[in-house]
Colleague: 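What follows is a single structure, and I will ask about it in a moment.
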Amino acid sequence: MTGTTATATGTAAGDTASRVLVLNSGSSSVKYQLLDMRDSSRLAAGLVERIGEQTSRLVHTPLGGGGGDKRERTGPIADHAAALKAVAEELAADGLGLDSPELAAIGHRVVHGGLRFSAPTVIDDAVLAEIERLVPVAPLHNPANLTGIRTAMDLRPDLPQIAVFDTAFHTTMPESAARYAIDVETADAHRIRRYGFHGTSHAYVSRETAKLLGKAPEEVNVIVLHLGNGASASAVKGGRCVDTSMGLTPLEGLVMGTRSGDIDPAVTFHLKRVAGMSTDEIDVLLNKRSGLVGLCGDNDMREIRRRIDEGDERALLAFDIYIHRLRKYIGAYYAVLGRVDAVAFTAGVGENAAPVREAAIAGLEELGLAVDADLNSVRSEKARLISPEYARVAVAVVPTDEELEIATQSYALVRGVNA
Ligand code: AMP
């Protein structure tokens, strides 16, 4: 179902199970949302952080029926099992217990699904084993995702547990975009290729962009720019991803908050041979001490803009490098798609930073691209166009909603399975 994500309606007579719990499990954190898929509304949301430390914290926000006050728990939460138990208690206190027959499924964000998973998947032992097999290509993320899944399965073994993969939307890429130009046997032996990430966001935003244009996803070609702390671009042709900027790992592509994005791979040999750095040190340098933070010490675009306004030259150079890379990808994906109907900005920077959108599109009128300054300065949580009417290509700001996408895909799957 990749690229043609079904929309769940969930209102069939007699069908009471309409809630989906979405879990995003990190190594020391769990983010969650409980949604009612009858109207895609949010019933509760929260976060457990610093799991395994003395200073763990759970923040729970009731959102259903007019909402309620945010609640906070502090103190040690030993592991993911304890975290999920605490979440279950908070939900039960709102009358939303995980033992409720209204819970239809638990949807798990799984970062790496390799080539095998091109669609949301009901988790069983074989699926767990395959996610485990992918740990070498996602050493930071897949183990944490697995821990979250196993914990939830222990809690509700009877309930469908669905894996929604960050890579799934990108499995439609042609080999010409997905393969690196290295020795084929070596690449295949080690499963080295472009997988891409942020797939639920690219899927959701490309579809919402089509909706904004009043068209079906199959009718439009969109360049999606997911600019958060992590950042990626994708070229989406008629609802299917044909190229994306992240690669084997989320390190490739755009300049990000702390990641370098594209870099000559020989830089790593050089750092090893000449600077005497270890592989782990280089990994940390490129993933944690590069990008905007490496260039100017800050990774928050608000702070960078504030510094630029004060005349800070390092912040300005960081901004210029960020924008230069972004424009290169817009140009590249324009050529990949041939015809572009829309460029869509999303995620923390894309949704909020008007100067980034302005600078990314400036001077591209020959490509049919322009940004209207007044529309660009409007702050809104709604999807909107920021291009002037005369522009041939729409430029849009489309807030992403990865939790809703995970819930929608999970619910559509269980409804299909149960039908
Ligand atoms: P995300 O990873 O999508 O949550 O995005 C986080 C990033 O969005 C932050 O690191 C900031 O750089 C950026 N951001 C969030 N709010 C704003 C804002 N109001 N203006 C500019 N950038 C913002």
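Note that these values count all heavy atoms, side chains included, but never hydrogens, waters or copies made by symmetry. Keep in mind that what you see is a predicted model, and the values were worked out from it rather than measured. Remember, it's 1-based here, ligands and their atoms both numbered in the order they're listed.
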Colleague: Over 60° means perpendicular and under 30° means parallel, so classify the ring planes of His226 and His202, tilted if in between.
Modeller: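 His202 and His226: tilted rings.
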Colleague: Flag the pair Glu310 and Arg307 as a salt bridge only when some basic side-chain nitrogen lies within less than 4.0 angstrom of an acidic carboxylate oxygen.
Modeller: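 A salt bridge is absent here (no side-chain N lies under 4.0 Å from a carboxylate O).
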Colleague: State whether Arg71 and Asp94 are salt-bridged, where the test is any N-O pair (Lys NZ or Arg NE/NH1/NH2 against Asp/Glu carboxylate O) under 4.0 Å.
Modeller: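 Between Asp94 and Arg71 there is a salt bridge, with a charged N closer than 4.0 Å to a carboxylate O.
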Colleague: Parallel under 30°, tilted from 30 to 60°, perpendicular over 60°: which one fits the rings of Tyr32 and His60?
Modeller: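 Aromatic pair Tyr32/His60 classed parallel.
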Colleague: For ligand 1, would you mind listing the residues that have at least one heavy atom less than 4.0 Å away, ordered by chain and number?
Modeller: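 Residues within 4.0 Å of ligand 1: Gly228, Asn229, Asn299, Asp300, Met301, Arg302, Ala347, Gly348, Val349, Asn352, Ala353, Arg379.
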Colleague: Return the orientation label for the Tyr329 and Tyr333 ring planes: parallel under 30°, perpendicular over 60°, tilted otherwise.
Modeller: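 Judged by the thresholds at 30° and 60°, the geometry between Tyr329 and Tyr333 is perpendicular.
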Colleague: Under the salt bridge (Lys or Arg N to Asp or Glu O under 4.0 Å) definition, can you give me all pairs with a residue in residues 322-350, not counting sequence neighbours?
Modeller: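 Residue pairs passing salt bridge (Lys or Arg N to Asp or Glu O under 4.0 Å), neighbours aside: Arg339-Asp341.
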